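Working notes, structure below.
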Amino acid sequence: MTEFIRKRAANAKDDILSGITVALALVPEAVAFAFVAGVDPLVGLYAAFMIGLITSIFGGRPGMISGATGALAVVMVNLVAEGNAMGEPSEQLGLYYLFATVILMGIIQMMAGVFKLGKFVRLIPHPVMMGFVNGLAIVIFLSQLNMFRDASGDWFSGAQLWTMLGLVALTMGIMLGLPKLSKKLPEALIGILVVSAIVIFGNLDVATVGSFIRDGGGTGLEGGLPQFQTDIFSKVPFNMQTLSFIGPYALILAAIGLIESLMTLNLVDELTETRGNANRECLAQGGANIVTGFFGGMGGCAMIGQSLINIKSGGRTRLSGIVAAVLLLMFILFASTYIEQVPIAALVGVMFMVVIGTFAWSSFRILNKIPISDVIVLVAVSALTVIFDLAIAVIAGVIISALVFSWENAKRIRARKRMKEDGTKVYEIWGPLFFGSIIAFNEKFDVKNDPDKVEVDFVESRVSDHSAIEAIFNLVNKYEEAGKQIKLKHLSEDCKVLLYKSSPKFREVIVEDIDDPRYHLAENPEAFTKGLSEYKF
């Protein structure tokens, strides 16, 4: 018991220190994404607090950090602009349409959790994961380069540039060197504190969190507790016109949010060698967005960069996320003056170290050792993540992988032919029979030149879908139209039932055997899952 308490206490220390580091890194991220979406910085900060707190308590992945994200902000900017155009400029209706959309987005995400759609993230192939990680690292790196611009958008130069680079390098050096001296100290937090002290006491003229907010048009971090947005009900008409406007946005935001959250969950699973609950995370993300919408937040999902900072800083339990969220609120309420003095360079240095740790450098080493199709998927997902966004990249990667898989399996259909003593020609089918292999399957048969009696044996084949059933049905009709007798052997029970329903004549064509295969066709997801569990690969 003493050893158990000691381990928990030690981990609690790591979680608290990691939470502090994450809270500091959350501030400029949330503010930046609020500016991207075209809303006040406090809208982004409130979202980071509420979503971070709720998902940390109820989510399916302890140690994962959620908040306002750029992937959602780039979609929200059009929503806010179109919403503002619906009323007078002084009304700012876009903000309230955003809140309503976030609420609907949360409902959709909760429905995904209720129907257990989160498990499908396990179907994402490894090349897609690796491409996503590499693309993500590039996106994080490119986003940090914007911190090297002034308020007018011009790149830093001269002493300003060298000072910025020096502070970034110092932060990275501390994070690299400190673990060699002591692994008990949180290197990211120490790096931020040391560089902040140098800037404050050295009176250096560099960009800080406060100047970053003011340059973006904000007034500061100071604010009160989130307030229930009663104006949503008076300013947003709840009718079909509103639903047709916010519905597509809510659906897109829900999809992007879930994909990014579940991909992050998978990544954290691999880093910690544990397993999270994808469906529970869907429910938590949805519930958090509903609450956030009602209390004036811009919505969000899992933050990959902050999650990696948390994991690499030692955060492993729900406590780290709770500490980060609560501290963020404390910054808003009581410590805004101090947090605004943190130099942007220190936070950029932390994010650069995250980029180095995130990028799958091993992908360069294995490029000439994996199939060319996997290389294409890896590179395509990386590029699409940078060019478009995570959701498009992952969906495209899964589609490419699925097409490659179908193509490869379509070529594996074989037919061994032999003659029985009574003159019956036997076709022994090998390989999967599904929509992709139908053409190759049909090419195996010579209806015109075959003898009057033909037997097709499916003992070494798997009939996988309705297209395969249709191919068998058409094959039987071809032989009967040619005036020849055909028998089918070793079909599964599902296959036989469907053929019996299509035509009574199949009761005479199909041969019943006690060793018929026991698997299910992919007519529905439950049958497919059950069939996979029973089929011996």
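What you see is a predicted model; the values in this text were computed from it and never measured.
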(request) Flag the pair C282 / Q109 as yes when at least one side-chain heavy-atom distance between them is below 4.5 Å, and no otherwise. (result) no
(request) Verify side chain to side chain contact (heavy atoms under 4.5 Å, CB included) between I413 and I438, making sure each step is shown before the conclusion. (result) CA-CA 9 Å; I413 193 79; I438 298 304; over 6 Å; no
(request) Test side chain to side chain contact (heavy atoms under 4.5 Å, CB included) on L253 and M76 and set out the steps. (result) CA-CA 8 Å; L253 291 171; M76 293 174 179; 4.2 Å; yes
(message) Can you pull out every ring pair (Phe, Tyr, Trp, His ring centres under 6.0 Å) where at least one residue sits in residues 249-272? Sequence neighbours excluded, please.
(response) F245-Y249
(request) Compare every heavy atom of I108 with every heavy atom of A254, then report the nearest pair and how far apart it is. (result) CB-CG2, 3.7 Å
(request) List the atom of I103, the atom of I290, and the distance in Å for their closest heavy-atom pair. (result) O-CG1, 3.6 Å
(request) May I ask you to decide if A47's main-chain N or O and T292's side chain share a donor-acceptor pair within less than 3.5 Å? (result) no
(request) Check whether any side-chain heavy atom of M353 lies under 4.5 Å from a side-chain heavy atom of K312, and answer yes or no. (result) no
(request) State the CE-OG1 distance between M303 and T55, to the nearest 0.5 angstrom. (result) 11.0 Å
(request) Flag the pair M172 / I356 as yes when at least one side-chain heavy-atom distance between them is below 4.5 Å, and no otherwise. (result) yes
(message) Can you give me the closest heavy-atom contact between M130 and S363, atom names plus distance?
(response) SD-CB, 3.6 Å
(message) For F359, is there any backbone N or O sitting under 3.5 Å from a side-chain donor or acceptor partner on N134?
(response) no
(request) Please assess N266 against F132 for the test side chain to side chain contact (heavy atoms under 4.5 Å, CB included), listing each intermediate value before the final yes or no. (result) CA-CA 11 Å; N266 253 7; F132 148 73; over 6 Å; no
(request) Establish, from distance only, whether the side-chain atoms of D450 and Y427 form a donor-acceptor pair under 3.5 Å. (result) yes
(request) Look up atom CZ in R316 and atom CG in L271, then write down how far apart they are to the nearest 0.5 Å. (result) 8.0 Å
(message) For a 4.5 angstrom cut-off between non-hydrogen side-chain atoms, does V80 reach Y97?
(response) no
(message) Against M64, only a single residue in L267, D269, I304, L265 fulfils side chain to side chain contact (heavy atoms under 4.5 Å, CB included); can you say which?
(response) L265
(message) Check whether S18 reaches the backbone of G314 with its side chain - one donor and one acceptor, N or O, closer than 3.5 Å.
(response) no
(request) Would you mind checking if E493 and K496 are paired as a salt bridge, meaning a charged N to carboxylate O distance below 4.0 Å? (result) yes
(message) Here's a test for you: under side chain to side chain donor-acceptor pair (under 3.5 Å), which of K420, K425, K487 qualifies with E455?
(response) K420
(message) Side chains of N477 and N474 only: does a donor on one sit below 3.5 Å from an acceptor on the other?
(response) no
(request) To the nearest 0.5 Å, tell me how far L308 CG sits from T264 OG1. (result) 8.0 Å
(request) Examine distances only and state if a side-chain atom of D465 and a backbone atom of F435 form a donor-acceptor pair shorter than 3.5 Å. (result) yes
(message) Is the shortest side-chain heavy-atom distance between C301 and L258 below 4.5 Å?
(response) no
(message) I'd like to know if the side chain of R318 reaches the main chain of S56, judged simply by a donor and an acceptor atom lying under 3.5 Å from each other, with no hydrogens or angles considered.
(response) yes
(message) Salt bridge check, K417 against E428: does any charged N sit closer than 4.0 Å to a carboxylate O?
(response) no
(request) Determine yes or no for a side-chain-to-main-chain donor-acceptor pair under 3.5 angstrom, with N279 supplying the side chain and G118 the backbone. (result) yes
(request) Might you point out which heavy atoms bring I51 and G299 nearest each other, and give the distance in Å? (result) CD1-C, 3.3 Å
(request) Looking only at non-hydrogen atoms, find the nearest pair between A482 and V447 and report the distance. (result) CB-CG1, 4.0 Å
(request) Kindly check if the number of other-residue, nucleotide or ligand heavy atoms within 6.0 Å of CZ (R275) is above 12? (result) no
(message) We want to know whether Q285 and S66 form a side-chain donor-acceptor pair, criterion being a heavy-atom distance below 3.5 angstrom.
(response) yes
(message) Under 3.5 Å, is there a donor on one side chain and an acceptor on the other for R61 and S261?
(response) no
(message) So does L319 get a backbone contact from the side chain of T317, meaning a donor-acceptor N/O pair under 3.5 Å?
(response) yes
(message) To the nearest 0.5 Å, what is the distance between CZ on F352 and CE on M147?
(response) 10.0 Å
(request) For residues G431 and S461, report the shortest heavy-atom separation together with the two atoms involved. (result) O-OG, 2.7 Å
(message) Using a 3.5 Å distance criterion without hydrogens, assess whether the side chain of N310 forms a donor-acceptor pair with backbone atoms of G321.
(response) no
(request) Would you give the length of the straight line joining atom CG of L98 to atom CD of E82, rounded to the nearest 0.5 angstrom? (result) 12.5 Å
(request) Please tell me if the side chains of V476 and E480 come closer than 4.5 Å, counting only heavy atoms from C-beta onward. (result) yes
(message) I'd like to know whether NZ of K453 has more than 12 heavy-atom contacts from other residues, nucleotides or ligands below 6.0 angstrom.
(response) no
(message) With heavy-atom distances below 4.5 Å as the criterion, would you say the side chains of L433 and F458 are in contact?
(response) yes
(message) For the residue pair S437 / N409, report whether a side-chain donor-acceptor contact shorter than 3.5 Å exists.
(response) no
(message) Nearest 0.5 angstrom please: I472 CD1 to L491 CG, how far?
(response) 5.5 Å
(message) Could you tell me if the side chain of F405 sits less than 4.5 Å from the side chain of P125, heavy atoms only?
(response) no
(request) Indicate the ring-plane relationship of F441 and F445, choosing parallel, tilted or perpendicular according to the 30° and 60° boundaries. (result) perpendicular
(request) With side chain to side chain contact (heavy atoms under 4.5 Å, CB included) as the test, would you mind laying out the steps for E260 and V394 before giving the verdict? (result) CA-CA 9 Å; E260 185 158 357; V394 171; over 6 Å; no
(message) I want to check a possible cation-pi pair here: R414 against W430, using under 6.0 Å from ring centre and within 45° of the ring axis as the test.
(response) no
Which donor-acceptor pairs under 3.5 Å do side chains of residues 368-388 form with protein atoms, sequence neighbours excluded?
| from | atom 1 | to | atom 2 | distance (Å) |
| --- | --- | --- | --- | --- |
| S382 | OG | G131 | O | 3.0 |
| S382 | OG | L378 | O | 2.9 |
| T385 | OG1 | V381 | O | 2.7 |

